[in-house]
Amino acid sequence: MGADKRDAGWHNLTQWSHTRCAGVCDDNIGMCYCPPDTKYGRREAADPKLPPIQAGRPLSMCSPSADKDGKKVEWGVTPYEDIFGPGGWCNADQPKFTCPCRLDGLSGTLCDEPIEQTCVNQCSGHGDCNQGFCKCHKGWYGVDCGLRRKGVYLTDGDQVTSKPWMQGVITPAVAPEDPPMTPYRRRPYVYVYDMKSDFSTDLWQYRIEARHCVYRQFEARNQSRWSGYIGYMTEHVLHELFLTSEHRTLNPEEADYFYVPISLACMFEIYGWNAIPRWPAEVHGTRSYGAAMMQLEAMKWIAETFPYFKRNGGKDHIWYNPHDEGACYVWKDIWPGVMLSHWGRMDMPHASQTGYGADNYSLPVEHKDQPLNWLDQTSKAHPCFDPKKDLVIPAFKPPSAYRESPYMGSKVGQKRDTLASFVGDLRMEPGRDPGCAYSRCLRQRIYNMSIEGKWKETHNILYGDRHVLTKGIDYSKQLASSTFCFVLPGDGFSQRFEDAALHGCIPVIIMDQVQAIFESILDVASISIRIPEAEISKIPEILKAVPADKIAKMQEGISRTWQRFRYIKLKMIIEDARKVLAGHVSANDGSAPKNLGAAYSVSKQDDAFATIMQWLYSRIPDATGKPLAPTQAAVLPAASGGATGAAATA
């Protein structure tokens with residue numbers, strides 16, 4: 001395009017959007033670049049199948065606030081000269097203004113330093129990663145290139161040696177063969193679908209932010225770091241755990257369960273940012289509606305492509321639901337399956353309680369292809385959680401997030417000098433949550449009570465907004481130095497139970513008719529306090545009335561079960577845990593603190609994933625109709641931190 005035509009059509013658009021482009025738009029990934037008539041503009045090759053002659057500088061969220069004549073552009077925020085002027089981002093060697101570098105695979109101030117992109121298990125070192133898609137090397141296959149054909153050696157095409165930065169992030173699969181030949185297989189046997197790209201890797205391509213859809217990413221000099229929104233990191237973690245687990249089977253005929261790894265959390269993160277796939281394509285409802293429709297289409301594809309969904313009516317299919325309100329919106333045809341989520345709401349009938357309108361699953365959506373109200377097919381047809389077939393699981397927390405836990409070797413927790421604490425989002429700014437829908441208005445009401453009653457001064461209860469209290473406060477240290485920690489809902493689930501348990505702090509659960517993590521399979525009542533919502537005004541009195549011997553007993557129970565509330569079986573997680581442990585050993589004059597216990601054997605512990613597998617094992621007869629041999633039904637007592645059913649070696 002010529003310079004005199006660059007702003008043609010800019011004024012026909014009045015609404016801001018993440019992907020509104022004032023340059024050249026790469027429709028494949030939804031990324032905007034400087035126009036070709038600028039020095040650092042994108043210049044495409046004559047053959048569209050070839051890469052561009054010059055990639056160009058990205059204009060990620062850089063949109064002009066006016067055209068070259070000074071006329072205001074409604075959807076822009078950046079001065080025209082800062083982008084297109086002689087000293088601007090698109091023309092100057094050292095521009096006075098820089099656009100953010102958010103695209104996966106690029107780093108540096110000028111966004112011109114190539115780095116490794118993020119894929120599932122980094123293509124196991126046997127493929128090339130491109131915007132979330134693994135192009136496997138010869139002899140390797142699967143969504144993560146983790147499976148090898150007969151006659152292929154493990155070292156064939158191995159990138160771990162040529163790219164040493166991959167060593168810390170790739171988790172070797174227990175059974176990469178086709179078929180698997182290993183003595184380490186364990187029931188339950190789980191078959192992991194390689195999903196149609198519409199429901200998986202295609203969504204990763206639409207990321208504008210490199211941190212979306214992932215739990216880790218590469219940065220400058222290919223250093224790895226934790227990434228993503230803490231509530232959505234679990235999806236990527238679970239997928240890699242299922243793919244590399246000793247429970248995985250490559251033979252669907254012998255499978256006890258089928259895991260359906262669709263990218264719902266990824267869809268939540270990019271929904272509205274881009275023209276992502278939608279079903280039907282022309283309908284843009286809430287994120288929960290989009291998730292329900294994507295699940296439905298994925299189920300239809302599975303049922304049409306494989307015979308296994310119909311075999312047991314979908315009861316043996318595992319679906320992870322990362323939505324704040326869990327599986328409340330799931331289509332009734334999918335509901336018979338195993339629902340893993342973080343939200344154990346049990347009341348029926350139910351309606352969305354979110355304070356975020358885009359997630360409200362109770363809003364009706366009607367269109368020509370769906371004459372029936374979708375609510376009758378989803379939230380009105382079932383509860384959000386059924387403890388007989390579903391499980392409330394922990395959200396992923398990297399070990400560095402609980403680095404000051406006494407279980408990680410920190411000395412902070414040796415003295416718990418705060419009776420109770422809560423540091424979180426209160427949304428009490430004017431106009432932010434006028435209806436007080438967020439957290440069922442519990443966080444806000446308790447805050448007002450804490451101020452009026454001077455809880456900090458009178459009862460040593462620290463309670464407040466994270467934007468205020470975190471100034472000068474280390475969150476991990478605060479949890480480790482508190483006797484009780486409040487577990488309150490957010491827009492649905494929050495990660496407060498995990499925070500408490502991982503720091504040895506006694507969870508105080510305040511959310512009626514909502515089960516906490518693993519409450520249906522572990523003796524959660526023995527390690528926590530539950531206060532009815534109607535009694536929140538009595539919080540100080542209730543906590544002060546707990547006898548010292550009961551507190552000690554609950555703390556002892558947490559010390560036996562805390563490992564079940566964390567995920568530890570992936571390479572980068574293990575390395576992070578060892579780094580935290582080593583730091584405390586160094587701070588302790590080179591000797592291991594006595595309270596470390598078995599923390600060093602981080603890869604051998606019954607973590608959250610092992611607990612999920614043990615529970616799935618116990619449910620094999622109900623979900624599949626298969627009997628369990630008596631020798632396999634090794635049941636661990638809940639009081640000692642075990643799950644209701646333990647996985648046994650086949």
Side-chain angles (χ1 to χ4, degrees), residues 17-19 29-30 102 104 118 120 131-132 195 197-217 226-240 260-281 283-299 319-331 334 339-343 345 352-363 365 374 378-379 384-385 392-396 425 437-438 489-495:
S17 171
H18 299 85
T19 52
I29 60 173
R102 288 173 161 147
D104 195 16
T118 305
V120 176
Q131 297 298 320
M195 293 301 295
S197 60
D198 296 41
F199 316 119
S200 54
T201 52
D202 275 5
L203 292 164
W204 283 46
Q205 287 186 259
Y206 287 95
R207 291 180 297 156
I208 295 176
E209 299 274 2
R211 63 183 177 83
H212 283 170
C213 308
V214 299
Y215 72 89
R216 55 173 174 77
Q217 70 181 90
W226 302 114
S227 182
Y229 166 56
I230 196 72
Y232 293 153
M233 296 165 79
T234 313
E235 179 173 88
H236 185 188
V237 169
L238 280 177
H239 194 186
E240 290 191 0
V260 187
I262 60 176
S263 299
L264 282 180
C266 185
M267 188 211 71
F268 290 147
E269 293 213 87
I270 64 177
Y271 203 65
W273 286 53
N274 228 318
I276 64 172
R278 294 195 295 266
W279 300 271
V283 178
H284 194 158
T286 60
R287 296 197 307 177
S288 45
Y289 174 81
M293 295 305 294
M294 188 166 92
Q295 276 188 326
L296 181 64
E297 291 301 315
M299 182 272 287
W319 303 80
Y320 171 59
N321 296 275
H323 189 273
D324 282 21
E325 295 186 276
C328 297
Y329 60 82
V330 168
W331 212 264
I334 297 170
M339 302 295 142
L340 302 180
S341 77
H342 310 299
W343 185 235
R345 184 178 175 186
S352 179
Q353 295 177 327
T354 182
Y356 182 49
D359 275 356
N360 189 332
Y361 66 78
S362 297
L363 296 178
V365 178
W374 84 291
T378 55
S379 59
C384 298
F385 169 73
V392 182
I393 65 173
F396 169 67
D425 192 0
Y438 180 68
D491 276 313
F493 83 88
S494 66
Q495 304 94 34

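Position 1 is the first residue of the sequence, and the numbers go up from there.
With contacts defined as side-chain heavy-atom distances shorter than 4.5 Å, the pair Y289/Y361 does not qualify. Between T354 and D324, every side-chain heavy-atom pair lies at or beyond the 4.5 Å cut-off. A heavy-atom distance below 4.5 Å is not found between the side chains of W319 and V330. At least one side-chain heavy atom of P280 sits less than 4.5 Å from a side-chain heavy atom of M293. Inter-residue side-chain proximity for I334 and M339 is flagged as met; some heavy-atom pair is nearer than 4.5 Å.
Between atom OG of residue S227 and atom CD of residue Q217 there is a gap of 3.5 Å, rounded to the nearest 0.5 Å. How far CD1 of I270 is from CD1 of I208: 8.5 Å, rounded to the nearest 0.5 Å. With rounding to the nearest 0.5 Å, the separation of CD in Q131 from CG in L203 is 13.0 Å. Between the CD atom in Q295 and the OH atom in Y320 there is a gap of 12.0 Å [rounded to 0.5 Å]. Considering CE of M267 and OH of Y206, their distance stands at 14.0 Å, rounded to 0.5 Å. Here the CG atom belonging to L340 is positioned 7.0 Å from the CG atom belonging to L238, to the nearest 0.5 angstrom.
T234 places a side-chain N or O within 3.5 Å of a backbone atom of F396 that can act as its donor or acceptor partner. Proximity of a side-chain donor or acceptor of H342 to a complementary backbone N or O of V392 within less than 3.5 Å is not detected. Side-chain atoms of E235 come within 3.5 Å of backbone N or O of A265 as a donor-acceptor pair. Side-chain N or O atoms of W374 include one that pairs as donor or acceptor with a backbone N or O of L363 at under 3.5 Å.
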Take Y438 and D491, measure what side-chain contact (heavy atoms from CB on, under 4.5 Å) needs, and give me the verdict at the end. CA-CA 5 Å; Y438 180 68; D491 276 313; 3.4 Å; yes
Give the C-alpha distance, both sets of side-chain angles, the deciding distance and a yes or no for side-chain hydrogen bond (donor to acceptor under 3.5 Å, both in side chains) between H236 and E240. CA-CA 6 Å; H236 185 188; E240 290 191 0; 2.9 Å; yes
Chi angles and distances behind the side-chain contact (heavy atoms from CB on, under 4.5 Å) call for V214, D104: CA-CA 11 Å; V214 299; D104 195 16; over 6 Å; no
Working note: H212 + F268, criterion ring-ring contact (aromatic ring centres under 6.0 Å, His included); need CA distance, chi angles, decisive distance, verdict. CA-CA 10 Å; H212 283 170; F268 290 147; over 10 Å; no
Given the rule in the side-chain contact (heavy atoms from CB on, under 4.5 Å) test, do R345 and F385 qualify, once you have shown the distances and angles that lead to the verdict? CA-CA 6 Å; R345 184 178 175 186; F385 169 73; 5.7 Å; no
Could you give me the CA-CA distance, side-chain angles and deciding distance for N321 and Y329, then say whether side-chain contact (heavy atoms from CB on, under 4.5 Å) is met? CA-CA 10 Å; N321 296 275; Y329 60 82; 3.6 Å; yes
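Summarising the geometry of S288 relative to T286, their closest heavy-atom pair is OG-OG1, 3.0 Å, with the distance given to 0.1 Å. Heavy-atom minimum distance, Y271 versus G290: OH-CA, 4.0 Å. Residues W204 and C266 share a closest heavy-atom pair of CD1-SG, 3.8 Å. In terms of heavy-atom proximity, M195 sits nearest to S200 at O-OG, 3.6 Å. For the residue pair W343 and P489, the shortest heavy atom distance occurs at CH2-CB, 3.9 Å. Scanning both residues, R207 and T118, for their nearest heavy atoms gives NH2-O, 4.0 Å.
Judged by distance alone, the side chains of E325 and S352 do bring a donor and an acceptor atom under 3.5 Å apart.
The list of salt bridge (Lys or Arg N to Asp or Glu O under 4.0 Å) pairs with a residue in residues 285-298, not counting sequence neighbours, reads R287-D359, E297-K300.
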